[in-house]
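Data first, discussion second: the structure below is written as structure tokens.
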Amino acid sequence: MRARAGAAASLGRLRVIDWAPLLVLVLLCGIIAAINPRFLLFGNFVRIAQAAMIPLVLAIGETFIILMGSIDLSIEGVVALGAVLTSLLVKNGANAHDLGVAGVGLVVLTGGLVGLVNGVVHVRLRIPSFMVTLGTWFIAAGIANAALGGIAVRINDPIVRGLVLQRVLGFPWGVWLALGTLALGWFIQDHTRPGRYLYALGGGEELAALSGIPAARVRILAFTLAGAFYALGGVLSGAQLGLGNAQVGQGRLFTAITAVVVGGTALSGGEGGVLQTLVGVLIVTVLANGMVLMGVSPSIQTAVQGLMIIVAVSLSIDRKRLRIVK
Amino acid sequence: MPAQRIERLRRFLPVATLAVLVLIVGALQPEFLNPDTLLDLASDTAVLFVLASGVSFVILTGGIDLSIQAMASLASVIVALTVDRLGYASFVAAVAAGALSGWLGGLAHVRLKIPSFVATLAVGGVLAGTALVVSHQHSITLGATQRAYIGWITGPWLGIPREVIIGALLLFFADTVQRRTPFGRYIAAIGAGEAAAYASGVKVGRQKVVAFVISGAFAAFAGVMLAGRLASGSPTLANEQLLPAIAAVVVGGTAITGGVGSIWRTLVGALIISVVRTGMTFIGVDIFAQEILFGAVLVFAVAVTIDRSKIPVVK
Amino acid sequence: MNGAALPVLALRHVGKRFPGVQALRDVTMELRPGEVVGLVGENGAGKSTLMRILAGVYQPDDGEILLSGRPIRLAGAADAMRHGIGMVFQEQSLLLNLSVGENIYLGNEAAFTRYGRIEWHALYAAAARQLAKVEVGVDARTRTADLDFATRQMVELAKALTLEEAASGHLVILLDEPTSVLEQTEINILFARVRALKSRAAFIFVSHRLDEVLALSDRVYVMKDGAVVAELPAAGADVRHLHSLMVGRDLRAEYYRESLQRPPRTDVVLAAESLGRAGAYRDVSFALHAGEVLGIAGVIGSGREEVTRTIAGFLPHDAGRLTVFGQERRFSSPAEAVDCGIGYLPRERRTEGLVLFLSVAANITLASLGRLRRHFLLDPAAEARVARDWVARLGVRTPGIDAICLNLSGGNQQKVVLAKWLNARAKILILDHPTRGLDVGAKEEVYELIRSVTGEGIAVLLTSDTMEETIGLSHRIIVMRDGVVTHRADAPPGGKPTQLDLIEHMV
């Protein structure tokens, strides 16, 4: 009888939590539109979409990791590496390479390789993911820096530049690419075995192992995929700036993690997903957009995001289940 | 007894590594072993050591503080903005701000039960944003009159760099706190076995918060020292300091799982990082390539020192 | 044996050691086709370890397992399932964040996957068929967290029954305490299902409800101290007989130092009045006197663990009054209980009792560091003096006070925990399974210590793995069942109640 009462209570709690992020997004849009109606102009929607595309691609990768209850801090390093490699492999202002789309493919593969290293070291050496990825963050950023020696390289490839400059139905190609990534992420998460195993590992890794789930392989795969996504984010960053330099990653980790947790994916794992992350990314970008419209200094954004992380995480953590938190 | 073997390894490997590194760099570049060069090295290490000492209190409990570099930068900005009006009190204000931020981060971690790496990542964001806003995103150089106040941080005193003296005083303070106070014992117990410490009546939450306060205050102090050395404050002054600081703690033999470690190990770790840096610059390794090496060293050191029996499921 | 069909599953001289404990020794048993074998024993007798070996979770250190006469090695739970061995776990093994259907086929989605895509319709249709087998009327797409415990238990059974389609040949299904959260109607469904499946599967049934074991099983194995001590047909056996086999050894009064049991004093140090905690226990009242050992008896789920943890400060009560030394208290953390003079010797000695990686001295002084402070600093000389003193008084066998506790034997670790509380001048000790995992000699030392501290006026609240120990040590005993006190008994030296007197109030 006691069990039943408990189950019902958690049911009610979860339902509210499930819808809260969407509600926040709608409220946020309403408030900003009321203060400044220019928010509702189509041009502003395009601006928001363009601002959201890179965080979305990155946050989808991070969502996979957080679903398992782990964390990946290497985003900024891999983004920098991705942007720098893009600028060196496609038609550019520093060397004679002109690999075009194949170059982009190589960049994504490289990101996957960094993710693979993350996963293998994390799983085989049994080191917590935040430590491994803290290390690879700096390794990847160091490689990006060393490759360029602190300078910036122009990107002249029409396809890469076209991701930002050419529009379809009013939105740049990059936005459609980000949405395609979202669809891919959703398919992996909801319709493939590895995707479902992310939830199983997040829900209880020891129990999942009892059912014969290959936990190590799933973890390595997830980190690899995430790395590839970050590198794609790096390509987009390079496209947006029109150049590759080692600083393009700055601030990306923070925004991605904020978006994931604000969207409702629990840090403890097993709850949430990429659609929630889309909502989270929109909350973060709409808020930033709104602050610009209302004339608030953009440099306060990091501070606001920090507070959002604390609020979102503390709302989603099931404190009864945990006594020891490190 | 593998546990004891690992413990021996943790204890002696870092010191041996330091000795070997000093000899290697000395062999390649004999003037490295001059007392003056070594003193320079020590004073260059001081900021890193102070930063690492603070975070080592948190790591001892088994947590982590990722907000230290943002705190150090903010502290440099506070000093640069207020030293005109407040004089020496601006240093106190900066360190107090560090303690306050540590307290808030600690509360977020303990009360809201947010894992420490996320709570402090978030607090770090708040601090970085604050530093950007109050500095208007500019680096602030100290004027001549303001520089009079920072004399206590740099330059020699009786032939010894003041940074080294400050570092030694903080070393003495931290060592006393860790070995001779109930608080020091409690954080070791929390790191080594939180459940047992809790069941023994240790007020686990309160002790953890104090560890974060110390970490924040030390980070701010490191920022003050940086401001003094560079005669400026900037919202990005201490960027790129987080990884070396954590690496220093871990390379010194303190496990990130908590429980084992001491301030002396952090000292050895900070010196290792410093010697490697100096050595690489001597040999002509690019500064960016050094970052790659530090990342790899961090992962390697964690792999050697970590106590896997404490984490049944590695997340 | 007896020329009957080849056993579907047989164990030959199986042994299993954990650090400091021989969990199983020389276990030989067999399971014939279509048979339900009951497995009974007190807590810690080794039943769960044995089941986990059969389910592939643990690997045995000695002996062999034969499946249909062939020796096999079960590398993991998935491997066991491939061999047709499924388990319904005592602790729930379902992932609450997944749907019921996903849980049923977790790890076996391959059958429903085409070109890498899971065909959810097929999976949920198959899951619905499994649920129909156990007559659970929930939608397979329901989130598992939304089910109550009893339904989850039936889903566990449905999950184990997927073996019917997945594995060929005769199946083995292990039921580890499957009825503890079920109501009678659900138990009936479970039993009917088990009986109906006997043509396909053999069962091993573990339960502390002996009447159920006798009702469902064909044969019963009795375990004690990690070994099988009896095997008997269920027909003709009765609960009393089974129970006497489980307890085994005849009582020796002196084993528990009964001659040292002094009458308690009259002053009440701790009193519970109608104490309650939602979902755990209710209306619990008792008084604990100085110098008294009060035993709480009850099976898992009776609420006695929670009562103990409430008084130790882990689980605050939400009804009634708790009075400690005349003051009403409600503890929200162990620190508050410690401040009131309560010391807790936990069941999980290695995680909650001791900080294993700290020294003996640091563990002994951990709960009373404030007293060792002089001018804000700890006095190392005073600490060493205190630690050496306790090591000598309790006879802790350690290389030195600086040795880390990890390397001490279980009995000596327990003495260090006790020294910690005596040094903290605790007046009330909560002993939660104080002799778990200790060998006989170490147990006797602990008994002696309990007599000696109560002789000095310390009050003890005791819960224990065995009834025998509870009765032997206690002055008075309260019995709990389903969260309420069902019986109270005095246990003076020479006038101890028998286990059978108490057991009828426990189950």
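Naming convention: chains lettered A, B, ... in sequence-line order (proteins, then strands); numbering from 1 in each chain.
B:Tyr198 and C:Ser332 make their closest contact through OH-O, 4.3 Å (heavy atoms, listed as atom of the first residue, atom of the second, distance). Residue B:Gly201 comes nearest to C:Ala335 through the heavy atom pair O-CB, 3.2 Å, listed as atom of the first residue, atom of the second, then distance. When all heavy atoms of B:Ala196 and C:Leu354 are compared, the pair lying nearest together is CB-O, 3.2 Å. Residues B:Ala189 and C:Val355 share a closest heavy-atom pair of O-CG1, 3.9 Å.
B:Phe300 CZ: 12 or fewer foreign heavy atoms inside a 6.0 Å radius. For B:Arg206, the CZ atom is loosely surrounded, since the number of other residues' heavy atoms within 6.0 Å does not exceed 12. The environment of OH in B:Tyr88 is crowded: more than 12 heavy-atom neighbours from other residues, nucleotides or ligands sit within 6.0 Å. Within a 6.0 Å radius of CH2 in B:Trp152, more than 12 heavy atoms belonging to other residues, nucleotides or ligands are found.
In this structure, the side chains of C:Pro380 and B:Arg179 stay at 4.5 Å or more apart for every pair of heavy atoms. Side-chain contact between C:Val338 and B:Ser200 is absent, with no heavy-atom pair separated by less than 4.5 Å. Counting heavy atoms from C-beta outward, B:Thr176 and C:Leu377 have side chains that approach closer than 4.5 Å.
For chain B, the nearby part of C:Asp339 is the side chain; its heavy atoms alone come within less than 4.5 Å. Heavy atoms of C:Thr365 lying under 4.5 Å from chain B belong exclusively to its side chain.
Salt bridge present: C:Glu383 and B:Arg185 bring a charged side-chain N and a carboxylate O closer than 4.0 Å.
A distance of 4.5 Å separates OH in B:Tyr186 from CG in C:Leu369, rounded to the nearest 0.5 Å. To the nearest 0.5 angstrom, C:His375 atom NE2 is 10.5 Å from B:Arg180 atom CZ.
The salt bridge (charged side-chain N to carboxylate O under 4.0 Å, His left out) contacts involving residues 407-431 of chain C comprise C:Lys415-C:Glu445, where partners must be two or more places apart or lie in separate chains.
Per-residue heavy-atom pair counts under 4.5 Å with chain B were compared for C:Leu356, C:Leu366, C:Ile342, and the maximum is reached by C:Leu366.
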